[in-house]
Amino acid sequence: SSPRSHSILSVGSDISRAGSAVSFYEETVHFIMKEGSIWASALNLVLCQLGMSTLVLPSAMAIVGWAQAFLLFFIFFALSLCSLFLLEKTCQALPGDSEVSSVGHLMTSIYGQAGALSMEFLMFLMSLGCQIFFLGVIGIQLHAVLQAIAGPQLPMSLLSDQSVTTIMCIVAFCVIGPISLLPPESVRSFVSTTATGCMLFVMLVITLEAPWRNAWPPLDACAGATDPGMEPADWLDGIPRLLKAIPLFVFSFNGPTGYLPVRHQLIAESFDPLRGVSLFKACVLMFLGQGIVLSNYLVTSFMGYITFCGDTKPNVLDGYDVSQPCVVVAKAALALQLTCSCIGVWTPLNRASIWSLIGGLHAPMPHATKVILTILCLAGPVAISASLGGRLALPMGLTSSVCLTAFCLVLPGVLAAKTGALGKTLCQRAIPSAYALFGAVLGIGCTVPLLMPSPPAQ
């Protein structure tokens, strides 16, 4: 039969039994609120996107200037809504709409086995990049916490930069690996709630540690910068700057990766039994969820940037004074948040994607293989992250410009064009095709500078 004739329900059931990365990622999205109300689903859509984004976006402001960054926030907010709308229209163009619960299910229903395997490969790349980035951040943050709490009493071996690798190994193989081997249902709720609480605390610290004062304006701009004469920059020109900042915005507005599982939670419309979700209800969910995300990013990013201005670190938390107890706790909370993310999402996702690619979508994974793959899925990212020596912008940038651009911009356009979601005429198919092409060009344009060698210092 043709790829289009595959039943979404049957394909999804087969993938779920195989424990594929697509099915696993779909399950991880349901992590805070189970009921299918608009507000609960919007909260889940918000929480799919918040996290490290709030810590890297202040550096995007430092790269392009706060005014240009604000413009980019609204541009990528609009692009995320376009992508969600295209995914929604694609769902409603297919039979069995209420069974669509992930982009992977869409790809499989339209492109069959090839679509499923391509999604597994994308999941592999995305989970690998996130683990490299997250494990590096975990090592750096815990190293700073150890130095702040017991610096003088620690042996020099634990104060050296090489100890970051030791910390990564301890967390990876003594915490993340063993816990990720437990049944997902026994740990998912705990790690998700813990990660969310840590994330909210870190955002609170960034807001409270901004240079507030009892005068107008209420913020003492650039008070945390090394140069006392530094001023906030509103617009910094240059294509290289723009291409360097764009992956940070793609990384942050990643709602399309979690939209379909969240949408699947919505209560079915009683007057339309053939459709799980009405277009109106879906649009309310999109605007509500993405609007909350945009508001959060505007506030937290500006608070981080206005503290340090041009001296803003790639991870804004690294710029705060560790003599402040709340900063030390925030660093520990960030490490715990990312550890929980690896346990609950990225390590099992990486493991499942590898097995799907080498063992087959329908093959059960033996326990011994699961253990071996877990070790490999952690050893590789630890080794790569250690070799980067703290230069973690590269794995994050590549993950954003390659994987997330594909998920958030290219695939929604490709799927909408293939199904004729906007209509069957040439023009109606050309619109999503042009959108997908735009996403591909943007991804390539941001990837090439990342791979180019840095110019020698003058």
Side-chain angles (χ1 to χ4, degrees), residues 3-4 22 45 48-49 71-94 97 100 102-111 114-115 118-119 121-123 125-126 239 242-243 245-263 277 279-280 282-287 289-291 293-294 297 397-448:
R4 178 63 188 271
V22 169
L45 184 60
C48 286
Q49 299 170 79
L71 177 61
L72 288 170
F73 275 124
F74 283 98
I75 289 174
F76 278 90
F77 166 72
L79 288 174
S80 70
L81 289 178
C82 289
S83 295
L84 296 182
F85 182 77
L86 288 175
L87 288 175
E88 179 62 36
K89 292 294 289 183
T90 301
C91 289
Q92 300 202 7
L94 292 173
D97 161 54
V100 178
S102 72
V103 177
H105 284 177
L106 279 180
M107 285 288 290
T108 306
S109 66
I110 296 170
Y111 292 103
S118 67
M119 288 301 300
F121 183 67
L122 266 179
M123 286 289 184
L125 292 178
M126 184 169 72
I239 296 300
L242 190 61
L243 293 178
I246 282 176
L248 302 179
F249 290 93
V250 176
F251 182 80
S252 304
F253 285 95
N254 56 17
T257 63
Y259 172 70
L260 292 180
V262 169
R263 172 190 183 275
V277 183
L279 184 59
F280 174 77
C283 288
V284 171
L285 169 61
M286 296 174 203
F287 276 94
Q290 296 307 98
V293 168
L294 174 65
Y297 287 160
L398 287 175
T399 302
S400 301
S401 57
V402 176
C403 303
L404 289 175
T405 300
F407 271 113
C408 300
L409 296 174
V410 177
L411 287 180
V414 167
L415 293 170
K418 179 70 174 179
T419 58
L422 300 184
K424 303 298 184 181
T425 67
L426 181 62
C427 180
Q428 289 170 324
R429 287 183 182 272
I431 292 173
S433 297
Y435 187 77
L437 180 61
F438 162 75
V441 171
L442 185 68
I444 294 170
C446 293
T447 301
V448 172

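- Taking both residues in full, the closest heavy atoms of Gly439 and Leu409 are given as CA-CB, 3.8 Å, listed atom of the first, atom of the second, then distance.
- Residues Lys89 and Leu422 meet the side-chain proximity criterion, which asks for heavy atoms closer than 4.5 Å.
- Under the side chain to side chain donor-acceptor pair (under 3.5 Å) criterion, Gln290 pairs with Gln49, Ser80, sequence neighbours left out.
- A 4.5 Å side-chain heavy-atom check between Leu79 and Val250 finds every atom pair outside the cut-off.
- With rounding to the nearest 0.5 Å, the separation of CZ in Phe249 from CG in Leu242 is 9.0 Å.
- Residues Glu88 and Met286 meet the side-chain proximity criterion, which asks for heavy atoms closer than 4.5 Å.
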Step by step, would you call Leu279 with Gln92 a side-chain contact (heavy atoms from CB on, under 4.5 Å)? CA-CA 8 Å; Leu279 184 59; Gln92 300 202 7; 4.2 Å; yes

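- Counting all heavy atoms, side chain and backbone alike, Leu411 lies closest to Met107 at CD2-SD, 3.8 Å.
- The shortest side-chain heavy-atom distance between Thr405 and Cys446 does not fall under the 4.5 Å cut-off.
- Aromatic ring pairs are classed by plane angle as parallel below 30°, tilted from 30° to 60° and perpendicular above 60°; the pair Phe253 and Phe76 is parallel.
- Judged as a side chain to side chain donor-acceptor pair (under 3.5 Å), and not counting sequence neighbours, the contacts of Ser83 are Tyr435.
- Between atom CG of residue Leu45 and atom CG of residue Leu84 there is a gap of 6.5 Å, rounded to the nearest 0.5 Å.
- Taking CG of Asn254 as the reference point, atom OG1 of Thr257 lies at 4.5 Å (rounded to 0.5 Å).
- The minimum heavy-atom distance between Cys91 and Leu260, with the atom names listed, is SG-CD2, 3.5 Å.
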Show the numbers, then the answer: is there a side-chain contact (heavy atoms from CB on, under 4.5 Å) between Phe85 and Leu81? CA-CA 6 Å; Phe85 182 77; Leu81 289 178; over 6 Å; no

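- In this structure, Leu106 CG and Met119 CE are separated by 9.0 Å, a value rounded to the nearest 0.5 Å.
- To the nearest 0.5 Å, atoms OG1 (Thr90) and CD1 (Ile110) are separated by 6.5 Å.
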Would you please test Phe407 and Leu122 for side-chain contact (heavy atoms from CB on, under 4.5 Å) and show each step? CA-CA 8 Å; Phe407 271 113; Leu122 266 179; 3.9 Å; yes

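- Residues meeting the side chain to side chain donor-acceptor pair (under 3.5 Å) test with Ser401, sequence neighbours left out: Thr447.
- Rounding to the nearest 0.5 Å gives a distance of 12.0 Å between OG of Ser433 and CD of Gln428.
- Taking the six-membered ring where tryptophan is involved, the planes of Phe77 and Phe287 are perpendicular, since the angle between them exceeds 60° and thus also 30°.
- Of all heavy-atom pairs spanning Ala416 and Pro432, the tightest one is CB-CB, 3.7 Å.
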Could you walk me through whether Thr399 and Leu125 pass side-chain contact (heavy atoms from CB on, under 4.5 Å), step by step? CA-CA 7 Å; Thr399 302; Leu125 292 178; over 6 Å; no

